[in-house]
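Note that the numbering runs from 1 along the sequence shown for the chain. Quick caveat: nothing in here was measured; it's all calculated off a predicted structure.
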Amino acid sequence: MRELTSGRVHLREWRDDDAPFVLDMCSRWEVQRWVGAAPRVLSGLDDARATIARWRGHDDGLRGVWSIRRRDDGAPLGTLLLIGILASGSELPLQPSGETEIGWYLHPDAWGHGYATEAARLVLDHGFAGGLDTIIAVTYPENVASQSVCTRLGMRHEGLTDRYYNMTCELFTAAA
């Protein structure tokens, strides 16, 4: 996985020793309520290690799931993903749509400092430089914080859609 760095953030792969932070972040309902079609909190270090292993499984050289770190001191802030998005459908497990999604979630201590926008800009640029033409983001309709990040990134709001994850989402797109 390619490491990415900007003025305030450093993105790198998730490591096994990151499990305590992942557990701390992902055991909080205020974080997890916006993640996936059936949000759930993590309940122990084994859950955190399994989450890290799943995130590592998305690495294909271009796409992946990064650990967002504060550049000056290496403190963990959250996660940034660039992955294939799953299409809605009756066949389970859900199947790939052929499109690429960007998403993020941060520890509450990192909210409101612009880290999500800065990290997402790095990954959007990385994706476009790697040959992607379009990158999408989907949010829960009530998740105005992530929608604000999409707007700050210059992503175009496309409205509500049911095309992904068997749920109704706000759709945003960015083009190279």
Side-chain angles (χ1 to χ4, degrees), residues 1-36 39-86 100-132 135-140 143-155 165 172 174 176:
M1 166 170 278
R2 182 167 173 213
E3 294 191 13
L4 305 169
T5 303
S6 67
R8 297 183 311 140
V9 298
H10 176 77
L11 280 60
R12 64 153 171 85
E13 71 179 344
W14 284 100
R15 301 175 185 153
D16 292 338
D17 63 352
D18 293 324
F21 172 77
V22 171
L23 176 60
D24 183 30
M25 179 176 67
C26 296
S27 65
R28 298 167 183 261
W29 181 247
E30 67 263 33
V31 173
Q32 292 301 103
R33 69 184 176 153
W34 306 120
V35 180
R40 73 173 193 86
V41 296
L42 300 187
S43 60
L45 282 173
D46 287 344
D47 270 354
R49 288 183 197 103
T51 297
I52 290 169
R54 191 176 68 252
W55 287 343
R56 281 191 198 136
H58 288 284
D59 181 11
D60 70 3
L62 176 62
R63 293 169 195 86
V65 181
W66 287 264
S67 170
I68 306 169
R69 321 292 288 195
R70 198 167 37 230
R71 185 175 176 191
D72 63 356
D73 63 4
L77 302 170
T79 191
L80 199 297
L81 59 89
L82 186 69
I83 61 173
I85 190 169
L86 300 176
T100 299
E101 169 190 19
I102 190 170
W104 48 82
Y105 46 103
L106 280 70
H107 190 283
D109 292 346
W111 292 354
H113 299 282
Y115 295 125
T117 304
E118 190 169 338
R121 170 56 51 209
L122 277 172
V123 170
L124 279 174
D125 292 347
H126 166 74
F128 293 140
L132 296 176
I135 298 173
I136 68 171
V138 293
T139 73
Y140 276 80
N143 189 349
V144 295
S146 281
Q147 292 163 21
S148 294
V149 172
C150 292
T151 300
R152 283 192 297 277
L153 291 168
M155 298 183 85
Y165 298 122
F172 293 82

Review point. Is the backbone of R56 close enough, under 3.5 Å, to the side chain of D59 for a donor and an acceptor to pair up by distance?
Key: no

Q: Kindly assign one of parallel, tilted or perpendicular to the pair W55 and Y105, based on the angle between their ring planes and the thresholds 30° and 60°.
A: perpendicular

side-chain contact (heavy atoms from CB on, under 4.5 Å) between T117 and W104: does it pass, once the steps are laid out?
CA-CA 9 Å; T117 304; W104 48 82; over 6 Å; no

### Query
Any sub-3.5 Å donor-acceptor pair from E101's side-chain atoms to I83's backbone N or O?
no

Exercise. Distance-only, no hydrogens or angles: does the R121 side chain make a donor-acceptor pair with backbone N or O of L153 under 3.5 Å?
Worked result: yes

Contact between V31 and W111 at the side-chain level, heavy atoms closer than 4.5 Å - yes or no?
yes

Separation between CD (E30) and NE2 (H107), nearest 0.5 Å, reads 8.0 Å

Open item on the list: Checking side-chain polar atoms at under 3.5 Å, does W34 have a donor or acceptor matched by the opposite partner on T139?
Closed with: no

Correct closest heavy-atom pair for A19 and A48 would be O-CB, 3.4 Å

- Flag, side chain of W66 to backbone of L82, donor-acceptor distance under 3.5 Å: no

Tell me whether E118 contacts the main-chain N or O of R8 through its side chain, where contact means a donor paired with an acceptor under 3.5 Å. yes

Would you say CZ of R2 has more than 12 non-hydrogen atoms from neighbouring residues, nucleotides or ligands within 6.0 angstrom?
no

Query raised in the report: Is R33 close to Y140 at the side-chain level, that is, under 4.5 Å between some pair of heavy atoms?
Result: no

Distance col, row C26:SG vs L23:CG, nearest 0.5 angstrom, shows 8.5 Å

Report yes if some heavy atom in the side chain of M25 is under 4.5 Å from a heavy atom in the side chain of D18; otherwise report no. no

*Does the side chain of D109 reach to within under 4.5 Å of the side chain of L77, using non-hydrogen atoms?*
no

Heavy atoms of R69 and P76 approach each other most closely as NH1-CB, 3.5 Å

#### Entry: Donor-acceptor pair between T100 and R63 side chains, under 3.5 angstrom
yes

Rounding to 0.5 Å, atoms CZ (R40) and CG (D47) come to a distance of 4.5 Å

Q. Going by distance alone, is a donor N or O of one side chain under 3.5 Å from an acceptor N or O of the other, for W14 and T79?
A. yes

